[in-house]
There are 2 protein chains.
Amino acid sequence: MAERQPYGRGGRRPTLEQVAARAGVGRGTVSRVINGSPRVSERTRAAVQAAVAELGYVPNTAARALAADRTDAIALVVPEPERRFFAEPYFSDIVHGVGLVLAETEVQLLLTFAGGDRERRRLGQYLGAQRVDGVLLVSVHADDPLPDLVDQLGVPAVISGRRSEDEALSSVDSDNFGGGRVAVEHLLQRGRSTIAMITGPLDVYGARRRHDGCRAALAAAGHRVDPELVEQGDFTEEGGRRAMAALLARRPDLDAVFAGSDVMAAGARLVLREAGRRIPEDVALVGYDDSVIARHMEPALTSVRQPIVEMGREMTRLLLDEIAKRPEDRSAPGRRSQLVLPTELVVRDSS
Amino acid sequence: MAERQPYGRGGRRPTLEQVAARAGVGRGTVSRVINGSPRVSERTRAAVQAAVAELGYVPNTAARALAADRTDAIALVVPEPERRFFAEPYFSDIVHGVGLVLAETEVQLLLTFAGGDRERRRLGQYLGAQRVDGVLLVSVHADDPLPDLVDQLGVPAVISGRRSEDEALSSVDSDNFGGGRVAVEHLLQRGRSTIAMITGPLDVYGARRRHDGCRAALAAAGHRVDPELVEQGDFTEEGGRRAMAALLARRPDLDAVFAGSDVMAAGARLVLREAGRRIPEDVALVGYDDSVIARHMEPALTSVRQPIVEMGREMTRLLLDEIAKRPEDRSAPGRRSQLVLPTELVVRDSS
DNA sequence: GGATACGATGGGAGCGCTCCCACCGTGATG
DNA sequence: CATCACGGTGGGAGCGCTCCCATCGTATCC
């Protein structure tokens, strides 16, 4: 193999045409080899590959994108400021899952933050500019117009979680209903009978489903669902404290609490401790998310785990499938895939 | 303004040509307006802008990249697996700093992980494919061939930290020498006289500079630099423990320790405590990085802070400058910018 | 041996843009 | 009144690739 050119200082890179000349074939043939078309003889293929290696040829992405109308790149759009993105292990796991699928392809992942208003507006431009073949949307709020914008632009997209019962976009969610149910079933099995619930904001779809699953488990066990034992939080630690205080005031006899997130469980724990309740002896506590704090809490928190890495994988698979279809074959709105992955209870010391 | 087309279902987006037709001008004129050229009359500019708005025109990136040979995108290349990237606040701050500068431009940031070997190899292809105008390299190891590969490809690049005294690439580093010096000066001011040092691996440039600064401070104060008081660690907690144990065995009379990283300081702290030494009463402890653990340590750790956000900003500025030059004007190897930002001592309870 | 089929190949057209040169008209200048 | 300068404009050429159609050769069949 000949020495490869250092292209530095503005030297131009070899083109298809030059590879073709070197290999003594036509442009079309080289293109076929590069793209792995089967309609090339073994001899020719070898000659072309040799020429590619000698010249250190790499296809120009821009030219390919322009001619073929595809970029071989997808974007992960994070509608949050960078800080939050890095702070939450959720994103890390999603990216990891995405990466696992993309590693087997030639598709590149672009991370895009759209935290601020300005960046938000620019995103439309960005997608309109056909920089990417598709979009992965994570951490989308119920009232976020972004998904609909993306959909209207005709850009294939998959959303993590869903915004409501009838999500218009393709989505991958975890089984929030099952998660809530299994948490409460676990508490019942532990012999608890007066089970309180700190929910997330009930206009958030996932939070409502956790709540529904919880009620379902109680009903299935023949328990009455007592409104006095339900208090709404806001996914913050402070919200968890407030909710716990209210529950304790109304029902000092409660012997278990299911919180819709680990962070709220952490808040609840503080209030319980201040009230002199031992965990789990007096009150069993179960959280949701299986986050880092669950493991580090004292006592370690029983929590419901979502398969986040797996969600990242499935989102990516779904998106690549959608992209692979020709535009006219793409699923019509309303007939998109809605995937729901199972959750799992991780039992620790708090229950 | 007319209703904007929803392009969905494979509908094509408007082109420059169509905007030109709509505005009753030529292609060139529209291009000039889009790119903010001053050589357009106010009348014409307004007409074109109206047409752009009516059609919802967005320039096609691929076509622009092909014609102009620039992508308006830069890549942040992280030669680490995703996990580490998210785990370390360092990266979060860098990305934040980069984002601050890019927010004022039309340049897009792409995050690229090159942790695995496979991804590593693909990166060359990626850069060769002219997907980006330049590259930001962070967390590069001394023996990493990546920077030279990038340089050889003629892709403008800026590296965070430097690999050695004579870094070939443009770089932005923090003042490790000054950081080491100020840490030790602080200990001397506190009246400590027997100051031990746990260094990072001395083949890592930054670690060596911290060590050098430390020695310089000692020498300036008229202290002899006692080899018995220097022990090399490896930036891990375990390494910090081992080093501390060795130092304590050799010199039980030491009254201060400067560790080359917070994590090593954390390891040292455990050993000191096991040996019954109180911090800071018996032994003062200073770390490096001002990481989260510094604040959360018991007692809170005095540490040297690097201006990481600022480093991200400066790296980006440097890179954009380099990109703005025509290729033939770009700095020759050896005459690249080497920027060093000041470090700062954050005094807490451990000293 | 000629018609047929099909795999392999070459290269024209065109993707949407920027660059640049030619050209137009106007007002200043000799 | 001819000449020049210059701001403003139109549009050809070309970026490097993919797509596709025409073409060529060879194996296959009657």
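Everything numeric in this text was worked out from a predicted model, so none of it was measured. Throughout, a chain's letter reflects where its sequence line sits, starting with A, and its residues are numbered from 1.
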In whole Å, I'd like the distance from the [atom1] atom of [X] to the [atom2] atom of [N].
X       : N      : atom1 : atom2 : answer
B/Arg45 : D/dG7  : CZ    : C1'   : 13 Å
B/Arg13 : C/dC17 : CZ    : C1'   : 16 Å
A/Asp72 : D/dC17 : CG    : P     : 14 Å
A/Leu55 : D/dG16 : CG    : P     : 14 Å
A/Arg43 : C/dG7  : CZ    : C1'   : 16 Å

- Please round to the nearest 0.5 Å and tell me the distance separating atom CG of A/Leu149 and atom CG of A/Leu127.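 A/Leu149 CG to A/Leu127 CG: 7.0 Å, rounded to 0.5 Å.
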
- Near DNA chain C, which residues from residues 58-71 of chain A have a heavy atom under 4.0 Å away?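 Those residues whose heavy atoms fall under 4.0 Å from DNA chain C, taken from residues 58-71 of chain A in numerical order, are A/Leu66, A/Ala67.
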
- Strand contacts (DNA chain C) in residues 26-40 of chain B, 4.0 angstrom heavy-atom criterion: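 Nucleic-acid contacts, sorted: B/Arg27, B/Ser31, B/Arg32, B/Asn35.
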
Does [X] reach the main-chain N or O of [Y] with its side chain, forming a donor-acceptor pair under 3.5 Å?
X        : Y        : result
B/Asp72  : B/Val107 : no
B/Arg313 : B/Ile308 : no
A/Ser37  : A/Arg39  : yes

- Message: I need the minimum non-hydrogen distance between B/Gln338 and B/Glu167, along with the two atoms involved.
- Response: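 For B/Gln338 versus B/Glu167, the nearest heavy atoms are NE2-O, 3.0 Å.
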
- Distance below 4.0 Å between A/Ser41 side-chain N/O and C/dT9 OP1 or OP2: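 Answer yes for this pair, as a side-chain N or O of A/Ser41 is under 4.0 Å from OP1 or OP2.
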
- Message: Less than 4.0 angstrom between a side-chain N/O of B/Thr15 and OP1 or OP2 of C/dC15, yes or no?
- Response: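 Answer is no, no contact under 4.0 Å.
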
- Query: Between A/Leu111 and A/Phe91, is any pair of side-chain heavy atoms under 4.5 Å apart?
  - Reply: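 No, side chains not in contact.
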
- Item | Pairwise 5' ranking along DNA chain D for B/Glu42 and B/Gln130, keeping only the more 5' one |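 Taking each residue's closest nucleotide, the earlier one in sequence belongs to B/Glu42.
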
Only one of [options] clears side chain to side chain contact (heavy atoms under 4.5 Å, CB included) with [X]; which?
X        : options                      : result
B/Arg336 : B/Asp151, B/Ile159, B/Val158 : B/Asp151
A/Pro147 : A/Val77, A/Val135, A/Leu137  : A/Leu137
A/Arg163 : A/Asp144, A/Asp143, A/Leu169 : A/Leu169

